[in-house]
Amino acid sequence: MSFALEGGSVKCTKIAMGSDMNNTIMRTVSFVERIEVEYHGNIITQAMVLADVDNDMANELVVGNIEGHIAIFKGDSSKAWKKTTVSGMLTCLAVGEIHTPHKNSLVCITAEGWCYVYDITPQSPFQNLSGDDSDESRMFRPVFTQELPANARVMCLADIDSDGHVEMVIGYSDRVVRAFRWHVPHDPESGHFVPLQKWQLAGQIGSITINYDKEHRPELMVSQPGATFVSLQVRPQFRHIKSESHLDKLSGSRASSSLEHSGSFGASAAGDSLKASGKQQTQGAQSNGNKSDPLSSKTEPASSSGLSKVSAKSSESLSSANTLSSESKSRLDTSNQESVSKSKSESPKDGHNDSSSVKVSMRQRGDKVNIQPHISDCPFDSGESQLEKSQGRLSQFLDSSFDEDGYLIYHPLANSQIRNKDTSTVIIGGINRGRTSHSSTDSDPPQSQATYYALATLDGSLNLVENDTILWSLHVDHYLFTLSKLDVTGNGKEEVVCCSWSGQTYIVNHSKETVRYDFPDSVAAFCAGYYSVRDHVNVPCFVYATFNNRICIYPNISLPRVESTNLMKVMGRKKETKELLHKLNVNADDMESVQKLYHWCLYGQHRKS
Amino acid sequence: MASKPLKPLYWTDAHFCGLRAQTNVYGLTKITSKEGLTKLLAASINGHFVSVEYQKSSNRLIPITREDVFFSSGPHSGPAGGTEVFEIVSVDVICNSDGKERIILAITYLLLASHFEQKSPSPHMNIYFLPEKEPDGPYLNIIDAVPLSQVQSLNLDFIPFKLMHFPIYKDDGSKEMCFLLGGGDHKVHVYRQSAESESFYEEQEAVDKFFPEFAKIDGGVTQMELMQVNDEERLTALGLQTGLVSLTHVNIKTKEILKRWTTELDSPITSLQLFTLSTRAPCPEFLDKQDLAIPDEKEEEPEAINLLVTSAIDPSVVFWDVVCCGLSQVHHLPYSNSQDVVLCSCVIDIDFDGENEILIGTYGQVLLAYKFVQYQPHSMLMTSTPFQSPMPIGIKHTPTPPSDSEKPVRGDSSFDQCDNRRRHKSMATALDSSDGMSKLDRHDRHKSDEVSALLDASLVKDHQMARLVRSQENLASPRSVYFATPDHLVSSELSLPSGNLPELTEYPCYRLKWTKRFSDPVMGLTCDDVMGDGMLDLVVLTLKGLHIMQPDLNEVSQLVLERLRLVVDPGSEADDDYHRLQTETLDQAN
């Protein structure tokens, strides 16, 4: 018998150290209430959004699939409230105040590069939600269409430069991130997206997010393979250009120079591709202007083809257009695409940088006269790679002058060495920390806290990070492919919600307490957010898209708390408990007595009042 | 007794663990260790076991969930050593607390016909003697301990049903724990432990010697419930497959039957509970000694014992004060047969007012909680909201009669109907309007006109209440449970066929107080202090998993504080609110 016991203890330790450790001791809950809707086709996680798309203060679920079908689900109806179809493979969906202030619009991007903007009108009170009105009334049409660079993969709508306007940041599968802004030159009808800035990254883009620092300044973050990320520095110029009219003036009067510049994009991109040069040479090319660049002619055919394409498009979608500016813009696009393709062919060189901190600076033409919306060209110059502490460099950057702009800051997180460097990573930023915790000093006003951000990798690690410091790290045995934040407990602190392909959903709070929910199916796409089932009340919910044409909305996922707790712990946190126990001569550490006391309190005979 | 009218409390999952295969109604048991810790053990029919216990570690409370298949590893690859196909029927655990701690796990199972010639399933019972915990040995989880235990295997010649244990009092006054196993052969089998070899043996004479009430039974015993009334008397309730319920009042000392009552229902008995209305908890000794404002414990006058009987398709009934009245005083549980077959029940005080509520689990994935209501209430709250709206709206004042002011709301039929279609059809809403009722009528076989008139009248009374509740109610939407059920099916599925309606106007009676939905049929219910905090946790076994549920602890802690304050300082009640405000400000200041 004793021998057998030993065997048992060995087994115990083995299991404790084994891989199912987490599941053995992790709190699990089950959610019951759910709304199932039918939706066919493959959904990409980026194409499933919970947002108030029709500006009725109640959130809807917007879903797009790779066949280009878009559906909006509202309330507890199992049928789509509105739907439409675009041509092409829908990869990104986002909802935001992209072209009208204080009014949400739906922005859809296809892999082919077409960008559709929809303004959804709220449901009329006469319209029946689940009723039998015709399919026609359920359709909706884009108010604006524009062709942007192809291969969009992820999208983020946010005010990246604190100018009060929402920008559209798109990450491409060719490892480029571009920022666009809605721009209305003269005529309100002719608004369109103009490129702001472009960043070339080393690794595949997992997701784009916005995080806020202490002063609530936004920081644009892009996840990179191996649980690392890059923060993209927005050009300071654009922080300073607040006035639309100024922009207008520039883009209008300088149309010809913008044409020239479009040439110069290609040129400097080509110069980049030559890559013989350091900083000096690039600067020289810029100061000399485009004409001196021997390669500018090379880009001409591409530009003109872009011109014809756009004029055809503008006649189709824009009734009256500032053709010149859209032409010039389209040239920018085309030449930019060319530069992308070129830099793409070049890019493998920087794929693996073993330096602990690599900062890549992107030179921008410093010609201040020609500041205008255009795609900034970003020669990817490895010669300029600096082995510097990214943070130190950051402060330097902030202090530096105007023409030192357009940076990427690479953040290798402390424990990234131990991990597979190629595993795909997603990031979510702006995780609200809630009220100032008691640990921080009282002098800090609560709003001056930087938000947390979290990274999850496909190999199952989840990190919560604050300012490059990993607060905690959790490893699970499932492929984590999507990451969200949601205040599940309603305490003002946003929990990290992470979902795996197999349906395991982890809800982790800031002190690494975890609760798990097992969705009983494989998950194609997941999102967590707020959804209104009825009465215009938004409730926290999880949305799972499965592989068998169903989307499940769990509208009742609120938990009182994340951690496992009992009455004793809850009571122990109250100050009064100790006083009362003391008065009753009960030792607060004597669990057994306290347990008996509470039991009697709850179930014993009590004085009637 | 309650010091104040209490808000209903909402119970949510504290923990959940899934089972890999389905379980059955006898699949849940609990193990209470010597230290007072309770562990839960659930078995699925294919031999997959899950155990849950809570451990305190560095100021955290950690639920330890372990799962294993006992029969597929080690020397016993099948329960009988082979690779047979088997199905577990029932599980029970004896925890001997006298002297050494010894846990004995008994499992009954059917070996299904794996061989050609063997047509009928052969029933067996395995008894595992778990190794004793050595004083300084490592802590052994039950899942780890079972493969190391001695096994005794018994062949049964009957189909086993409910397995339980109960002490027998020997003539010398000593107690001996034995297994009772209800059989399909119209018998209850008693298994006693032999003093020498520790193994169990079936003793036919034990029935005559100790359990005279088991002598003549006319059906397969699906449920049994025994309760010691006092030192000399015992109540035994037996529920049979045929729907027969027999209740026997036995004198333990003389082994004679004092009285016997029987009643018959139309469907198999699924659960029996003998309980008292009020909860009893002894005052801890350390408080007794002090000069505190503790209410005098009333002379322990024996309280009336009630019997709850649930059967598969009939409405559940409570027989009131069975010792005095036998099975004559009946209270029905309204709507208890509206959610498919009733499978299990439990008696627990879910709102901490000192009175036990009745919980019923149904195959329709719903848990129904009933409260005994003495008088016509000012307002009756019914909601399925677990957490979303912890503050239900109650009408504090007199019930609003169906006044004219209400009529325009109901008259607005187009709106109402559209609303009907969209709204969530849970218990509260189904009661909500007569529109809903007319829908129900179609599916109701038994319903007579008078009953419907009666119900309608009561519904009108409750109309405003239900309306208010509905706005608070969470999303127990039909689709949320029934996958892709068309709307017209949903309405019938969730409707409340009012089989044998109680007279709602007569008080006292049981009223539906709270409902909770689960993702699977509710197979088992029990309550115990699993977390070790003095509060009973609700344990719900569904077909696919085990839930441990907790009420909102913030509210419970408020309640406990309030009661402690009363004990410490009886005069404090006047400035109670002031005090609370003070503590709240203190809390906020932190």
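In the text below, chain A, chain B and the rest are named by the order of the sequence lines, each starting its count at 1.
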Which of the residues A/Glu513, A/Glu563, A/Glu592, A/Met591 is involved in the greatest number of heavy-atom pairs with chain B at under 4.5 angstrom?
-> A/Glu513

Between A/Ile553, A/Asp518, A/Asn566, the one whose heavy-atom pairs under 4.5 Å with chain B are most numerous | A/Asn566

Which residue out of A/Val594, A/Thr565, A/Leu581 racks up the most heavy-atom pairs below 4.5 Å with chain B?
-> A/Thr565

Using the six-membered ring wherever Trp is involved, compare the ring planes of B/Phe518 and B/His547 and label them parallel, tilted or perpendicular (cut-offs 30° and 60°).
-> perpendicular

With sequence neighbours excluded, what pairs up with A/Asp590 under the salt bridge (Lys or Arg N to Asp or Glu O under 4.0 Å) test?
-> none

Interface check, chain A: of B/Leu536, B/Ile62, B/Asp529, B/Asp537, most non-hydrogen pairs under 4.5 Å belong to B/Leu536

Could you pull out all residues at least two apart from B/Glu67 that satisfy salt bridge (Lys or Arg N to Asp or Glu O under 4.0 Å)?
-> B/Arg20

Do you know which of A/Val515, A/Thr505, A/Ile557 makes side chain to side chain contact (heavy atoms under 4.5 Å, CB included) with A/Val29?
-> A/Val515

